[in-house]
Amino acid sequence: MTKTELIMPAGATSWTWAVRLLERWREEEERVDWLLEKLPRELPPAERARVQALLVGTIRHLGRIDAHLDKLMTRPPRPVVWAGLAVAGFELLEGGTEGHSARVGHHLVEKIKSLASAKEAGFANAVVRRLAERLAAETAPTADAPIEDIVTYHSHPEWLVQRWRMRIGHESALKLVEWNQSPAPVLLRWRATDEGAPKPEWLTPVDGTADFYAAASGHWPELAELIKAGTVQVQDAATRLAVDLLAPQPGETVLDLCAAPGGKSLAMADRMGTGTLVAMDLMGRRMPRLAENLQRVPSGVTATAVAGDLLRGGARALTAKQLPSTYAAVLIDVPCSNTGVMRHRVDVKWRLHPDSFKRHALQQLDLLLAAAERVAPGGRLVYSTCSIDPEENEQIADAFVRRSRGAFSLVRSELSLPWETGHDGAAAFLFQRDASS
Ligand SMILES: C[S@@+](CC[C@H](N)C(=O)[O-])C[C@H]1O[C@@H](n2cnc3c(N)ncnc32)[C@H](O)[C@@H]1O
């Protein structure tokens, strides 16, 4: 997939961008974060943020909006008209001051006139009015409501909520879908080592953490400056669990596997202050982001990005760069179902499939076993996911310990369940390699 920018006629607004990206998302099933990367670089940060809010918000609530649209239309409209109606549906849910729904409807009609035709604008006008009435008349379902009501109102696939209900119970499953439906604030880690220095007033400390903050909306230009200067790193507070468990020490040589785009690499380097960090990931579109993040490590840390497939010649990729083949501390942050981060990754729920968990679990165990080969005798290994699913967490950790035949033991684990911690879902397991194995 190339990172080609999208071309849009002059005068396109953030609303038009959101509609076009939504159409493309539905037709080509491209990932939302990749689509957003294709926006023109010259788009001002505030407009970019609005495109993102409209697109992400619409996809977050798409099940609910589409359920109404299906009932209001006898035939599917052209994709651009559908996308316009869906984005307007999200704007209605977003709410606003007196007269908000009339303004949303009027704006939609004007846009559909230019993006489609006057006739389709008339059609959109009739549909959006009734959509507004239907959305306003709804009330949130309770935990014991029929599952169809819960999945429609909270826009999740039924099989997924059914799966959660069986694993974590009806109450927690409802709390989880409610969490996923709440817009995620921008969370960041304050990197600068200026403890106690005053932070901008638009940053609020995240409870239970030392250096994570939530950024109030409307501060994009200032935030962009802080990111550019390397003062902050945008990442959820749950990402600290794996780094805290591995506890990389100053002067250590640490291996970060499955490292791209490098959020945890940078967090580890900041914690080390001095030492060596080797970060490996597959050759491909995520490598440039990893390399870019490694350029920001503290001056006392020597960081090297390695493109390599851990499952095919991972050790060779290291030795080819004259890097050690075993390490005292290794982190592996595997690809997973992302069930812990659906508040940010709103398209994941629509992409997942009941078989996805088994497929991930097979790859996760293979990756963890391969990572174990890179751990020196007596060394530490952390396995982490951003899943809340036992199949990708505890069950992998148990299978790994069994397969290692005494070479590795589980020392400690951490699990973040969003409805309990107020942070993203994540899991991390710390293993120790026997000194004599
Ligand atoms: C959850 S992401 C890692 C996020 C990263 N640790 C961070 O904090 O920014 C999982 C990564 O695993 C990588 N990956 C998947 N299979 C791999 C393999 N066989 N060898 C190396 N990396 C792999 C993917 O390319 C992806 O970047």
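Predicted, not measured: the structure shown is a model, and the values here were computed from it. Counting starts at 1 for both ligands and their atoms, in listed order.
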Could you pull out every donor-acceptor pair under 3.5 Å between side chains of residues 241-261 and any protein atom, sequence neighbours left out?
| from | atom 1 | to | atom 2 | distance (Å) |
| --- | --- | --- | --- | --- |
| Asp244 | OD1 | Arg271 | NH1 | 2.7 |
| Gln249 | NE2 | Ala247 | O | 2.7 |
| Glu252 | OE1 | Gln249 | N | 2.9 |
| Glu252 | OE1 | Arg380 | NH2 | 2.9 |
| Glu252 | OE2 | Arg380 | NH1 | 2.8 |
| Glu252 | OE2 | Arg380 | NH2 | 3.4 |
| Asp256 | OD2 | Ser265 | N | 3.4 |
| Asp256 | OD2 | Ser265 | OG | 2.5 |

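Residues meeting the salt bridge (charged side-chain N to carboxylate O under 4.0 Å, His left out) test with Arg286, sequence neighbours left out: none. Every residue two or more places apart in sequence or in another chain that forms a side-chain hydrogen bond (donor to acceptor under 3.5 Å, both in side chains) with Arg64 is listed here: Glu138.
Pro418 is not listed as a side-chain neighbour of His423, based on a closest heavy-atom distance of 4.5 Å or more.
Near ligand 1, residues Cys258, Ala259, Ala260, Pro261, Gly262, Gly263, Lys264, Asp281, Leu282, Arg286, Gly308, Asp309, Leu310, Leu311, Asp333, Val334, Pro335, Gln363, Leu367 come within 4.0 angstrom through at least one heavy atom.
A donor atom on one side chain and an acceptor atom on the other are not found under 3.5 Å apart for Asp389 and Ser337.
Ring centers of Tyr383 and Phe400: at least 6.0 Å apart, outside the cut-off.
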